Amino acid sequence: METHNINNRAGGLGTFNYELIKGFSELNFDEMRLTLNASDTRLLKDEFGKKFEYNKYSSLSRLNLFRIRKNYDLWHSVNQNTKVEPFACKNYLLTIHDVNFTEEVSSDINHKRNKLFLKKLNKATAITYISEFSKNQTHKYFNVPNVPEYIIYNGNPISILLNTSSFVSQVPVDKPFFYSIGDFIERKNYGTIVKMMKLITGYNLIISGNHLKKYGEEIKDLIAEHNLENQVFLTGKVSNEGKQFYMKNCTAFLFPSIREGFGLPPIEAMSFGKPVFLSDQTSLPEIGGNVANYWTNFDPEYMKTVLFEGLNNHENNKAACEKLLKERAAFFDWKVAAQDYLKVYKEILL
C-alpha cells in the first residue's frame with residue numbers, strides 16, 4: 001500500500017490513508033502480508049506494531065532510477081497523483097478519488113498532469129473509485145482500460161466522540177452559529193455562504209481550515225466588503241477536539257462545494273445529528289442521500305430560504321431527523337471499506 005499522504009492527516013487524502021490503514025488493522029488477514037510504504041514509518045510502527053510490514057522510502061523514490069524494487073504481488077496506489085511508484089509489479093490497483101484537475105487545470109489529454117495520471121490508469125489491473133461520481137468523471141475525461149472496476153465508499157472519520165468541554169474557542173460562540181470546514185480552495189465555494197450571511201441576522205458563520213492561501217485572502221476580502229467582520233469568523237486549522245466542538249454546537253453544517261470526489265465533513269456533522277446543507281453537485285448527493293438539504297443554485301436569497309425551511313423542518317421533527325442523520329453517518333464505515341478493499345486484493349490475486 002503506497003501511503004504517501006499519511007503524514008498530512010489534516011487533509012482529505014491524509015485522512016483517507018490513515019483511516020483506511022486503521023480499518024485494515026481491525027481485520028484478520030493472516031493469509032497476506034500488507035506492507036505500508038511511507039516516508040516516515042516510525043509513527044505507523046508505534047501505532048500498529050506487527051500488524052503490518054513497513055518500507056521507508058525517500059524523496060528520491062519519485063525518480064525512475066530509484067523506484068522501489070521490492071517484488072510485490074500487488075501494489076495499491078492509494079494516492080492517485082503521487083510519483084512514488086514501484087520499479088515493477090505483478091498487479092497494480094489504482095484508487096481514484098477524483099479527476100478535478102481536468103476541470104481546474106486542463107482537460108487537454110497531453111497536459112503533463114493528465115499524462116502522468118494516464119500512465120497509472122493504463123497499467124491498472126483493477127480500479128477502485130470512492131464514489132459513483134468519481135467513476136463517471138474519470139470515464140468522461142479518459143479512456144479507461146477494460147479492467148475490473150469497484151466503488152468503495154470512504155468511512156466516517158469520527159469513530160470516537162471526544163469530550164470537548166475544555167476546548168476554548170478563539171472565535172465568538174455566544175450566538176447560534178453555522179459551521180463549515182475544509183481546505184481554502186475555490187471549489188469549496190465559501191463565498192456563497194458568506195454572501196448569504198449578509199441577509200441573516202441572529203446567527204454567526206464559522207469556517208475552519210487553512211485560510212493562509214490566495215482563496216483565503218479572497219474570502220477575507222469578501223467578509224470585509226460586506227461588513228461581516230462581526231458575523232463571519234475564520235478559525236484557521238483546528239484540532240480534532242476543536243472540529244468536534246464546532247460540529248457538536250453548531251445550528252447547522254453548510255457545505256456548498258462544487259467539486260467533491262467524496263466529501264467527508266458532511267458525514268462527520270451528521271454523526272452529531274446536525275442538519276446539513278449541501279450543494280447538489282458532484283458526489284454530495286451520494287453522501288447526504290435523502291437526509292440532507294440541497295442547494296440547486298447559489299443565489300443568496302434562495303440559499304437563505306432553503307436553509308431556514310430545512311432548519312424549521314428539522315426542529316419540527318427533531319428526534320426523527322437526528323436519528324436518520326446519525327444512521328446515515330454510521331453507514332460510512334472504514335472497517336467495512338477495508339473489508340471491501342481486502343476482497344478486491346483477493347480477487348486480483350486469485
Side-chain angles (χ1 to χ4, degrees), residues 1-6 9 11-29 31-32 34-37 48 51-52 72-82 89 91-100 117 120-121 123-142 144-159 259-268 270-271 282-289 327-350:
M1 297 176 64
E2 178 283 305
T3 53
H4 168 70
N5 277 298
I6 191 70
R9 298 184 192 178
L13 282 174
T15 299
F16 177 85
N17 281 223
Y18 175 71
E19 295 293 346
L20 182 59
I21 290 169
K22 197 163 70 169
F24 270 114
S25 73
E26 300 176 18
L27 302 179
N28 180 357
F29 47 85
E31 74 280 18
M32 292 185 185
L34 295 188
T35 300
L36 305 182
N37 287 278
F48 300 111
K51 188 71 177 183
F52 302 97
Y72 296 112
D73 293 311
L74 169 61
W75 179 277
H76 183 183
S77 182
V78 177
N79 305 283
Q80 64 186 52
N81 292 325
T82 181
C89 63
N91 297 285
Y92 186 90
L93 175 63
L94 175 63
T95 291
I96 297 177
H97 300 263
D98 62 64
V99 292
N100 286 334
F117 177 75
K120 290 173 172 281
L121 197 61
K123 69 181 176 184
T125 308
I127 302 168
T128 57
Y129 303 92
I130 63 171
S131 64
E132 187 72 46
F133 165 75
S134 66
K135 178 181 178 181
N136 293 339
Q137 188 189 37
T138 304
H139 278 264
K140 177 180 177 180
Y141 290 102
F142 296 94
V144 178
N146 185 22
V147 297
E149 297 177 277
Y150 309 85
I151 295 172
I152 301 177
Y153 285 127
N154 295 344
N156 182 354
I158 293 183
S159 55
R259 289 191 190 92
E260 291 292 329
F262 190 76
L264 293 170
I267 298 173
E268 296 174 292
M270 288 190 287
S271 299
T282 64
S283 68
L284 293 177
E286 289 181 70
I287 307 309
E327 287 174 352
R328 183 65 181 172
F331 168 79
F332 299 98
D333 188 308
W334 285 110
K335 185 176 180 180
V336 172
Q339 288 171 334
D340 289 342
Y341 279 103
L342 201 58
K343 289 176 186 175
V344 173
Y345 293 173
K346 292 177 180 178
E347 289 181 21
I348 292 173
L349 295 172
L350 282 177

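The structure displayed is predicted, hence computed values, not measured ones. Heavy-atom basis, side chains included; hydrogens, waters and symmetry copies ignored.
For Thr125, the side chain to side chain contact (heavy atoms under 4.5 Å, CB included) partners at least two apart in sequence or on another chain are Asn91, Tyr92, Ile348. Listed by chain and number, the residues in a side chain to side chain donor-acceptor pair (under 3.5 Å) with Thr128 are Thr95 (sequence neighbours excluded). Scanning for ring pair (Phe, Tyr, Trp, His ring centres under 6.0 Å) contacts around Tyr153 gives Phe332, with sequence neighbours left out. Residues satisfying the ring pair (Phe, Tyr, Trp, His ring centres under 6.0 Å) criterion with Phe142, sequence neighbours excluded, are Phe117. Remark: Arg259 engages Glu103, Glu104 in a salt bridge (Lys or Arg N to Asp or Glu O under 4.0 Å) (not counting sequence neighbours). Among residues two or more places apart in sequence or in another chain, the side chain to side chain donor-acceptor pair (under 3.5 Å) test is passed with Lys123 by Glu85. Looking at residues two or more places apart in sequence or on another chain, you find a salt bridge (Lys or Arg N to Asp or Glu O under 4.0 Å) between Lys22 and Glu19. Residues meeting the side chain to side chain donor-acceptor pair (under 3.5 Å) test with Asn156, sequence neighbours left out: Ser271. Shown here are the salt bridge (Lys or Arg N to Asp or Glu O under 4.0 Å) partners of Glu286, two or more places apart in sequence or in another chain: there are none. Annotation: side chain to side chain contact (heavy atoms under 4.5 Å, CB included) contacts of Pro285 (sequence neighbours excluded): Tyr294. Annotation: side chain to side chain donor-acceptor pair (under 3.5 Å) contacts of Lys346 (sequence neighbours excluded): Glu31. Scored by the ring pair (Phe, Tyr, Trp, His ring centres under 6.0 Å) test, Phe29 finds Phe52 as partners (sequence neighbours excluded).
Nearest heavy-atom pair across Val78 and His97 is O-NE2, 2.9 Å.
Between the side chain of Thr3 and the main chain of Asn17, no donor-acceptor pair closer than 3.5 Å is present. Proximity of a side-chain donor or acceptor of Gln137 to a complementary backbone N or O of Val99 within less than 3.5 Å is detected. Checked by atom type and distance alone, the side chain of Ser283 pairs as donor or acceptor with a backbone atom of Glu260 at under 3.5 Å. In this structure, the side chain of Lys135 does not engage the main chain of Ile96 through any donor-acceptor pair within 3.5 Å. Between the side chain of Gln80 and the backbone N or O of Asp98, at least one donor-acceptor pair lies under 3.5 Å.
The aromatic rings of Tyr129 and His139 are tilted relative to each other, their planes meeting at an angle between 30° and 60°.
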**Request:** Begin with the C-alpha distance, continue with both residues' side-chain angles, and end with the deciding distance and a verdict on side-chain contact (heavy atoms from CB on, under 4.5 Å) for His76 and Tyr345.
**Result:** CA-CA 9 Å; His76 183 183; Tyr345 293 173; 2.6 Å; yes
